[in-house]
There are 2 protein chains.
Amino acid sequence: MNVPQQIAQALQRKLQDGHYRAGENLPGQRELAEAMGVSRASLREAISMLEALGLVKSQPGKGVLVTTGQVRQHKDIPAGPFAASPQATFEFRMVLEPAAAALAARHITPEGKALLWQIQSTLEDALKNQDLVAAAEADLAFHLQVARLSGNALFHQVARSLSAPIGHSLRLPFADHLHIWETAHEHQVVTDAITQGKPEEARLGMLNHLRNAAARVGLQMDSL
Amino acid sequence: MNVPQQIAQALQRKLQDGHYRAGENLPGQRELAEAMGVSRASLREAISMLEALGLVKSQPGKGVLVTTGQVRQHKDIPAGPFAASPQATFEFRMVLEPAAAALAARHITPEGKALLWQIQSTLEDALKNQDLVAAAEADLAFHLQVARLSGNALFHQVARSLSAPIGHSLRLPFADHLHIWETAHEHQVVTDAITQGKPEEARLGMLNHLRNAAARVGLQMDSL
DNA sequence: CCGGTCAGACTGGTCTGACCAGTGGTATGG
DNA sequence: CCATACCACTGGTCAGACCAGTCTGACCGG
């Protein structure tokens with residue numbers, strides 16, 4: 001293999017390892033070339049390739065900027081004053097979670113079923129004991145688990161980063177003693193659909209659950 | 001713009017014009033460099049970029065072969081996203097972005113229309129000039145702008161955090177000069193739907209675009 | 001003490017000229 | 001007629017030079 005290609009691969013590996021991180025600069029070309037035991041011309045060819053692929057960006061007089069290399073670690077979405085509105089949160093969840101539920105139903109495993117059932121029983125126990133904090137936790141765990149069972153890391157990742165605002169919007173509905181069992185029933189519908197491998201039912205069940213959950217905190221969500 | 005990038009563009013134009021055809025060799029590097037008025041080092045950087053994009057293949061002792069442009073698997077320089085597979089990325093985008101487009105169509109403003117049109121014209125200019133890097137940037141900008149115009153900060157935030165893998169999946173399809181205009185046409189459809197306030201058309205247009213974009217990088221996405 | 005200025009040490013960008021290692025055509029000798 | 005040696009190509013790589021921006025820090029005047 002050509003020297004520039006080898007260098008390009010080596011650099012990609014370092015980008016992947018996090019050895020060089022997005023936003024940082026690579027070492028100077030002269031220094032880097034010497035460190036890797038190649039001429040600057042070859043190093044430059046390697047950098048040109050990486051630039052054509054959009055991994056780095058060369059800036060005259062400044063350096064070679066690492067533009068990417070991995071999914072940016074997005075900070076958790078804040079639940080404080082700058083939080084997204086409950087409206088926006090539900091709007092977003094009503095897009096994401098029904099799809100995740102449908103995906104989960106497509107390739108559910110025995111292990112996945114067990115996890116869902118376990119969460120469901122935890123939720124029901126909490127409700128029986130009037131333990132609203134534990135119930136809210138189980139509710140959140142359910143949504144995270146569905147995202148995880150989608151089999152797509154991105155759903156899980158985004159759901160995790162949303163857990164703060166989700167948790168916030170979860171606590172309120174449980175305050176209403178009249179409806180605390182509705183959540184469990186709706187979860188049950190989704191869990192059944194997923195464990196029985198019925199994507200469309202899972203999608204609709206989750207959509208319905210989110211719509212109702214929004215209603216329980218006083219939000220009327222338009223159909224999307 | 002850098003000399004190697006200019007040269008790379010000029011060569012791409014000649015490739016598209018049929019000035020150099022698949023299966024043929026480019027003129028010798030020394031001859032070509034002199035003909036284009038640059039040093040061989042710069043010419044070589046340009047060729048490295050084209051090779052990273054899969055347009056040509058350098059063969060020591062023989063010459064620089066013009067490839068068909070249809071070859072998808074670049075094993076030499078794996079350009080694959082690092083964290084999420086292309087499959088997962090498109091799966092996720094096909095959930096998120098059609099919804100964002102529909103939302104954007106619901107409350108589009110004159111400013112929003114202007115932004116979308118501007119991005120569209122930037123993309124078309126880039127394609128006319130064979131500036132694939134600029135085209136990929138405009139493509140990314142389009143998707144980010146649609147997420148922003150959804151009016152829901154969460155869509156925008158998540159789209160931004162995905163820009164790295166999205167950017168990856170954008171760059172390669174542009175290497176295929178047979179299909180570069182398809183992207184612009186599909187964007188046009190979505191832009192029209194959004195600016196005319198037609199949510200359902202916007203959703204379908206975006207879904208169609210993503211499905212085609214996936215196909216252009218060799219992925220067949222099941223309907224979700 | 002503060003603020004502007006200028007020199008110098010960086011950065012990447014480009015070019016030149018050289019040499020190496022394969023490839024392929026061609027002329028030469030058997 | 002064929003095999004071989006040669007040579008003119010090809011791309012691959014390197015070292016070194018110079019240019020043009022950018023940033024930093026020392027310096028000087030207010």
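Order of the sequence lines fixes the chain letters, A, B, ..., with proteins taken first and strands second; residue numbering starts at 1 for each chain.
For B/Gln9, the side chain to side chain donor-acceptor pair (under 3.5 Å) test picks out B/Asp131, with sequence neighbours left out. The side chain to side chain contact (heavy atoms under 4.5 Å, CB included) test applied to A/Lys62 returns A/Gln59, not counting sequence neighbours. Residues passing the salt bridge (Lys or Arg N to Asp or Glu O under 4.0 Å) test with A/Glu31, sequence neighbours excluded: none. Among residues two or more places apart in sequence or in another chain, the salt bridge (Lys or Arg N to Asp or Glu O under 4.0 Å) test is passed with B/Glu186 by B/Arg216. For B/Ser39, the side chain to side chain donor-acceptor pair (under 3.5 Å) test picks out B/Ser42, with sequence neighbours left out. Residues that satisfy the side chain to side chain contact (heavy atoms under 4.5 Å, CB included) test with B/Thr109, not counting sequence neighbours, are B/Glu111. With sequence neighbours left out, the side chain to side chain contact (heavy atoms under 4.5 Å, CB included) criterion links A/Ala46 to A/Ile7, A/Ala8.
For the pair A/Asn2 CG and C/dA21 P, the computed distance is 15 Å after rounding to whole Å. One can place CG of A/Leu43 at 15 Å from P of C/dT14, the figure rounded to the nearest angstrom. The CG-C1' distance, from A/Leu26 to C/dG13, rounds to 16 Å in whole Å. Atom CD1 in A/Ile47 sits about 13 Å away from atom P in C/dT14, given to the nearest Å.
Both A/Val3 and A/Lys62 sit near DNA chain D, but only A/Val3 has its closest nucleotide nearer the 5' end. Place B/Glu45 and B/Gly61 on DNA chain C by their nearest nucleotides, and B/Glu45 ends up nearer the 5' end.
The stretch residues 29-42 of chain A comes close to DNA chain C through A/Gln29, A/Arg30, A/Arg40, each having a heavy atom under 4.0 Å from the strand.
No option in B/Asp139, B/Ile119, B/Leu116, B/Asp192 other than B/Asp139 meets the side-chain contact (heavy atoms from CB on, under 4.5 Å) test with B/His187.
Between chain A and DNA chain D, the heavy-atom contact criterion of under 4.0 Å yields a 5' to 3' nucleotide range of D/dG12 to D/dC23.
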